[in-house]
Q: 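Here it is: the structure, laid out below.
Throughout, a chain's letter reflects where its sequence line sits, starting with A, and its residues are numbered from 1. Keep in mind that this is a model prediction, so the values were computed, not measured.
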Amino acid sequence: MTLIYFLTFIVLLPCVHLDEAVKDDYSESLLIKPLPDGMIYNHFQFKTILHQDIEYLHLENHFDRFPLAIGNFISKNLIKELTFSLGRGHWKLNTWGYPLRYQPNGAELWVTLQNFNPNPWKSWKDITSTLSGLFCASLNFIDKAATTKPKFSLKPDGIFINDSYRPDNVFYASLAHEAVCTENLTPWKKLLPCFSKAGLASLLNAVQIFNSNYFALSLDVKSICRNPSCNETSTEITQSVQVVFNPPAMFEGKHRWSIVKFFGTSLKEECKLASSSKIYVETTVNDTDNSYNLSPLPETSIESDFQGEKRRFAVYDVKKMIEHNRNNNVNKFNIYSMYQKEYIYKKVNPPYITAHRYITGYGVYLGGITCRITNSLTKAQNVTYLDVIPWYLRIYIHTLSITSNNVEIKPSKLYHKPGKDRAQPHHIEIILELPPLSDTIITYDFERAFLKWTEFPPDANHGVYVGAATLTFQPTNFQNLTIHPEHTESLDPPTIKIKTENLLVSLPTPDFSMPYNVICLVSTVITLAFGPIHNLTTKRARIAIQSKEGSNLKDRIFKFFKRS
Amino acid sequence: MGLLTDDKSSEESGIVKLLRNHANKVSFLCFTSAIIVAAALVTENYVDTTYFSDNALLPGLVNREFTNQPYLKDVLTRLRKVAKSRPNELVADWLVNEFNSIGLHGYEHNFTLHYPFGKEQVIKGNNVYAILRASRAQSTEALVISSPYRASNNVYGQTLPGIALMLSLAKYFSSKNYLAKDLIFLVCDKEYIGFQAWLDAYHEVDRSSVLDYGYLEAKSGPIQAAVNLQVYEEDIARLEVKIEGLNGQLPNLDLFNVAVELATRESITPTFHGKSHPFSADFYEVSKDYALTTASMMISQAKTIPTGAHGLFHKYAIQAITLEGIGKVAANQRKDYLSAPLFQVGRVIEGIFRSLNNLLERFNRSYWFYLLPSTRRYISIGYYMIPFGLMALPLLFKALNIYLTMKKVDQDKSEQDSTQVESLWNALPFNFYCHVLGFLIASLPALIQRYSWLYHDYNLKFKDTIYYTLISTSLLLMFNPIFRWKQKSEEQLKARQCVALINLALILSCLSLLNISLALFLTVLIVPVTYLCVSISNSILRKLLAPFILLLHPLSIGYLCILVVSFLVHHETDPMVHLARSAESHKSYLLKYLEDWYIHGNWTFFFGSALFFPAWFQIWSII
Amino acid sequence: MFSLICLIVCFSSISRCYGSNVDKVDNFFSKSKHTNNWAVLVCSSRYWFNYRHVANVLSIYRSVKRLGIPDSRIILMLADDMACNPRNTRPGTVFNNAHHQLNVYGDDVEVDYRGYEVTVKNFIRLLTGRVEDGTPRSKQLLTDESSNILIYLTGHGGDGFLKFQDSEEITSVELADAFEQMWQKQRYNEILLITETCQAESMAQQLYSPNIIGIGSSKIGEDSLSHHGDPTIGVYVIDRYTYYALEFLETVHSNSSKTLSSFLEVCPKKYCISTVTVRKDLFHRDPAQVPLTDFFGSVPKVNLMPTPKDEDLVTW
Amino acid sequence: MMCTIIKASFLLAFGFIIRMFLITSSYQKMIADRVEVSTPVNSWRRAVEGVTLMKLNISPYEGDTFHEVPLFLQFYHFLLTNFEQWIPLIFAIIDILTGLCLSLASYNQLKTIKRWEKIRLSKLPSSDAKKLEIPEKSIAQLSFRVLAIYLFLPYSIMACTAQTTSVLINFLVSLTMLFISFGWRVIACSLVALLTYHSFYPILLIFPVLMVSEKTNQKGKSFTYASKSSCFSLISCSIATLLLISILVMISKSITGSYDFFSSTYYFLLSVPDFTPNIGLFWYFFAEMFDQFREFFLWTFQINSFVYSIPLSLTLKNNPNFFFLITLILLSLFKPYPSVSDLAIYLALLPQWTHLFTYMKQGLLVACVFISCSVLAPLMWHMWIILGTANSNYYFGVTLAYNVGQIFLITDLLFAYLKREFYLSNGIKVDDKDKPLKLELSAE
């Protein structure tokens, strides 16, 4: 008997230990949303919460969900909040509405350091180089000339206890030309507790998701309230992937979709470590004539009410489903959907605030940047506009003009930090109020700098990229918002960040094959000045001795050679 | 470094002697050799074979998969129907719907042209365009497929097949995932005006009072290249590739090569100025062929009027060509080509755009300055500059010769204050004055337009008014001694000659950089006469040259060209009719150039009046 | 009884170890003294139409990985992103032949230097180990005097240079000096240098440091040609030498007895069109005695990673 | 005399009208955007930018758009706040005044030169003297020509139309000339100080200025640096100037509160970091330079632009006014950011030296080079920047040719001057055919 007790104790011991060790929690979810133009938006979210304050991480005691690498990285560089994203393709704002998280093409890094960080710039540099190693991305191109410290635009996502938030600890940079591919996805997946072996992460295989119309992966670290009173915080790591698929391209023109077809595999095995793993399919559109039906039928369907904006979701609990399938020995799980009728392309009405930015003028010396912001609401809207222009486009702030329906309007706040050659970018931040039903145009002129031949990228004639501008605002209307059913409990309205297009600007190029010639030519000209002046100042004039020779050709040639 | 501070040398050095004593011989030599070289350049031995200098293009390596979709035929028929039902307007809403149904987003673009001359007159038009966003790239670059909208079967022929083809291409490409650049499909109203308006709107150039280009709802990045389709029929006999643009600017040679290459691969005969590449062994046949093609290209370049809508893109550093699908009927009168169905042209275009899609950098290799003896041969700037240089040199030689002789006289006259070289400086003001006159003439149209009531009262047309004003002005200037600053002394005359020659040489050489053909023609015409009238010392004899110089007046040159053409085209009628008719067309040409100047920025009129006329006027004033 | 057993056991053990000693002695000279393997694989050319160079380098990458060199010991340099290039009709993949049998890009590739990072400066710094501080370990060549390094270069070359990104060159002299520096700093035991460029022979010519064997895909004055193109994406997919080299390597497995000399026979002129050149005067062992796995494989006993320290956990 | 005044006033009026017309016309922007006219250091756009930044209370020296010194910034600020709509007028008037000053200055100078040469001419046989001396009647006419040329020279007109700040600089220069021609050395020196404070290079003007004033004091006797008195006065003056400069710097420091403006003004001029094309020699050279040699060539070029003054100050001792002209040409030749306004001012001054033209050989060549360059430069620019059919080398070629032209001009002038000096000191030697003998330079 005792023996049995003993054994049970032996058996239980590890579990007990385990229970103690579990200071972290992990949950995963996938939101599938049909977009107004028939494309399908998939948003994966993997959330790991460590119940420790980010400023005092104790990593020595082991835990099995929270990625240790990130933990070390945070505590080494004294990070308070980090947002890193890699995107590919362009999110079509006008037709797709607002995503859960707007990521421009290329890499974007936004870090808030802890207040008592002794040497912010150094740790910023370390962060970039570390991440570049971690994610195989060339983030080490982020230097002083690409970094800005936004004043108003980037409000912190996380909690700052007794508002210890300081804007000058914020670092922001973006690399518009950075590509994202398998080599970035793989290490990203390795951060997950079940890697890509089990759970929703097993759906993310490169070949499939890169064949999409939009792809973005991101890693966010922030601190959240540990308890309602919010007197202590815990650390949350959110890894998310957003993919937009175009069903007709995959189903030879037909409008239908299935998880297997999208991701090339079905869900075979759940992630044991995940506390919850759910798939939500937004079925709000079923009220319209492009309605579809799902199979297998969802076991539950929730109705979320977000500030009066109603959405319906079909909910699948992956664990249950796979369990259930296993019981009637089918060891895979798939969701597919069919439209009841032939799909109809409708005129999509764009979200109520859109921003588009483009270059004006032609030729490679002077030009202008214009951003057209439309507000189709009947009430005014406050927005913050952040634009970071690389130094080689010299911005003239006195040409900045903000007109709304051809009426000059004054910004309520304007922050400008002029760029410095090879050292710091131009940085413009504008807070302004968009009049109702208005079409506001922000425009300013620039002049292209002429670079050294060594400063050009290898593909000099391709042009250089200007990172996307950011438009931040508190929405008052939630129509085109994508709403994640798990986020609805937070009652404060979210801040929407939308990005404009990246710009490609071609610079005037010198002739890269010329250096030697140019040096020779110019030096010759200089000597051409030096020689005679030297002569004239050092020698004095006298009557020339009339030289008899030089009459016939032979002598002249001889003379010539003698001279030279 | 005795170069600059050596007084003995350079005096009486060989070249100086030569120029002072044998300038005429040398010049003659130059001129004749120029003609010989020019002739030699178009022979098979000297023309070069075209090649792709940008490896990135990889033309035709990729499978072309565009096939004869049912959609193509269907959309064409529907388009024809709707176009017939609404004959005199662009069926914008229909096109937009069509684009939307494909899954793209179609946009309308409205523009207004306030006709700059004559009575206040407003032309409204609306283009239609759609942007196919590259699925997996950020949309920072764009390529354009465009076509003018010609529904009615007018002289140009209708372009509906081309537009249908464009639509089906849009459908085809939208299902493909390999696009790295956005594709913009553009259908333009009102011919060139539509294109101009769209381009201006795309680049948001400074607004002018003439063309109000409205604004575009959606844009993409910088446009890398454009192909303008003009397909008239469903069965294509040959594909005419057009390159001459506004002011005689040419697209990058690589683009032309790509088009030719792909057309050949799709076994559609590519032609340039109506001629395909001669595959004949006979040296003279081939050379003759080359010569003719080159000549016709040079003529169309010298006209500075674009041969197709592509010509308007060049101004914005966008490489563009026009592909003109000529039907059996039109083509066969020359010689019979095997005909190809419409979708095959589609495959050509698919191929071209796959190549353009491969480009990472904008066109920066190959040639921008060239002449084409055939679709497979080219003459680069390095070659054609030789004959031009040889032709223009005599002017400089003569100028130098005059200067040197003047100096010689100076040195012989032993007293120090030198009248001769002084007078050279005194001749400059006249030159300055001439150009001021030129600018005034150039601003005449604007002036006349401002005081339009003047001629409206006598209900004259603007066309006639400007025409006769110009003629009378130049007559006034020419025959009224007040305006000619009658030179007093011999050396002043010499000085003026010297300045005039240099001035002319400078203007011509500048022109040669922008539009070689025009420069060459002008040089051929003007150099001999000028040279003669400068080198003849006897003033009476010089007077005899007056009529010839008169024929070189910018206006009369234009008139003569038109006259010659009309004689060549229809030779039966009697000369008087020719004279009258060509006078009429002369007028309308003048008006056209003016319009082009105001709407598209064609500089021919300006050049003629503000630069060429003064140069000419100086020559006139020294006889 | 028991003692007897013991006796037998120990005796046999003695004899065994004696025997093992014997064969140690006789192949002492052919054995290399290396304890770890590294690979530096460089594709130096940009632009979509150079797809084949990326395919080349990835083919080699795949083989060395298959033969057991871990990603942490492979430095992969890709000057352009072909897999996810919008022009690629099969995103996320790079195929080295038109029939798309094997996707050499694989599912867990780790590219250490990519895009604009692939410069001559970075390459030299990597070899000589003079990287800027703060460089993550994945971007460093942490070799010692007992490391065998496989260096594979592909791109557009000429007589005595290799173009990087079509904008700068590394000359064979610079390369030779870099190797010499590595030797001085005891950063390698042996190097196998493979260059797949036009006039590849010239890259190995200037070398003067010991224990290097250089293979060039073409003689000076020869072009090294592409094998075939893929009409669905409209580019050439692989170069001849690498194609046949890969074909050969596919037959090799981690404990196979194939020797270096057999690898040197790869791709005779009638396949390659260009002549494969080998420079072995600096190399002291007889290639016939050198197992191929000395360079392509990885020494089993150090196959398991050293116990991770903090910073290599941070930066993998 | 009367009629000259009337003629002059006509000219002034006309020149003024042209300028006003252009400034107010639509061509203004077109001209202001030309790189030949407005460079990073003198473009009005940047000045406005600087003022705007100041108004937003951002330090203009934080960015890299504005490169002028604080006091001038203050001045522009003053203008833009109080007389914004009058600015075109102000510029036009200043430019006209410049012309006026130049012509007056040249008038006085010619008079003094004539006076100085009297002594030497008296030693020569009368025939030579007659040939060599500057005819009395021509003086007025020449100075008049200076005025005319400055008013109608396209270069000065464009510079004024573009409202480049070098209009002000030219004005200051002309004032300096005027004052030294009066012999007011103090004001002249202080003006030079101001100029130097603004753009550093005009420090070279101190040599001719001091020499002129010295010579005027000596009543035209050719002074020697050996003589104690002249030596003393020279040194004292130069020290005074330097003091003044440092005072100005101090003031601007007290305005901005720090020496930051150094880095984006003087340092900007010395370490040419901006490669925007201009008509100078520096931009393409340093854009194409290998990084490791950059320093070396920078030093070489900068020293080169200063080195000429000393030998010239020895050679041209007898005629410091001429030295002034030469210095101007040297400046426009070796400045890192020259513009056409530098060209304008010395071209306008050339007629003053008509008596040297007889000894010049390259006249036609230089003229042709200048004219053709000023036509070709915009053309090449258009083809390179707008149409994208040409590349940078074309434009570079033009600027190169232009600078060669300038060099020819300067050497030719110098040689002509030396010849005349030779004749002045030992008469015109003629050979048997009564032709003047050729001269040559010899070391001994």
Q: Are the side chains of D:Phe286 and A:Lys452 in touch, meaning some heavy atoms are under 4.5 Å apart?
A: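 Not in contact.
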Q: Is any side-chain heavy atom of A:Tyr365 less than 4.5 Å from a side-chain heavy atom of D:Thr276?
A: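 Sidechains of D:Thr276 and A:Tyr365: in contact.
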Q: For A:Trp453, give me all partners under ring pair (Phe, Tyr, Trp, His ring centres under 6.0 Å), at least two apart in sequence or on another chain.
A: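 For A:Trp453 the ring pair (Phe, Tyr, Trp, His ring centres under 6.0 Å) partners, ignoring immediate neighbours, are D:Phe290.
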Q: What residue, out of A:Thr399, A:Leu451, A:Leu414, A:Thr454, has the most heavy-atom pairs lying under 4.5 Å from chain D?
A: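 It is A:Thr454.
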Q: Could you list the residues that satisfy side chain to side chain contact (heavy atoms under 4.5 Å, CB included) with D:Asp33, not counting sequence neighbours?
A: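 D:Asp33 satisfies side chain to side chain contact (heavy atoms under 4.5 Å, CB included) with A:Leu366, D:Lys29, D:Arg45 once adjacent residues are dropped.
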Q: If you count heavy-atom pairs within less than 4.5 Å of chain A, which of D:Lys55, D:Glu49, D:Glu62, D:Arg294 leads?
A: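 Sorted descending by pairs with chain A, the first entry is D:Glu49.
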Q: Heavy-atom pairs under 4.5 Å with chain A: which of D:Ile410, D:Leu316, D:Asp291, D:Leu314 has the most?
A: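 Going by pairs under 4.5 Å, I would pick D:Asp291.
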Q: Hey, would you say the D:Trp384 and A:Phe450 ring centroids sit under 6.0 Å apart?
A: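 Distance test on ring centres: under 6.0 Å, yes.
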Q: Let's test your reading of the structure: which of A:Val525, A:Ile395, A:Val522 forms the most heavy-atom pairs below 4.5 Å with chain D?
A: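 If we count pairs closer than 4.5 Å to chain D, A:Val522 comes out on top.
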Q: Output all residues satisfying side chain to side chain contact (heavy atoms under 4.5 Å, CB included) with A:Trp121, sequence neighbours left out; order by chain, then residue number.
A: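 Checked A:Trp121 against side chain to side chain contact (heavy atoms under 4.5 Å, CB included); matches are A:Asn119, A:Trp124, A:Lys144, A:Thr147, A:Lys149, A:Phe171.
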Q: So for D:Tyr308, is it side chain, backbone, both, or neither that comes closer than 4.5 Å to the heavy atoms of chain A?
A: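 Looking at D:Tyr308, just its side chain touches chain A.
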Q: For D:Asn393, does its backbone N or O pair with a side-chain atom of A:Asp511 as donor and acceptor, under 3.5 Å?
A: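 Side chain of A:Asp511 to backbone of D:Asn393, a donor-acceptor pair under 3.5 Å: no, none is there.
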Q: Using non-hydrogen atoms and a limit below 4.5 Å, what part of residues 514-521 of chain A faces chain D?
A: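 Residues in range: A:Met514, A:Pro515, A:Tyr516, A:Val518, A:Ile519, A:Leu521.
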Q: Using salt bridge (charged side-chain N to carboxylate O under 4.0 Å, His left out), reason through D:Asp274 and A:Arg394 one step at a time and then give a plain yes or no.
A: CA-CA 11 Å; D:Asp274 187 327; A:Arg394 296 218 177 80; 3.4 Å; yes
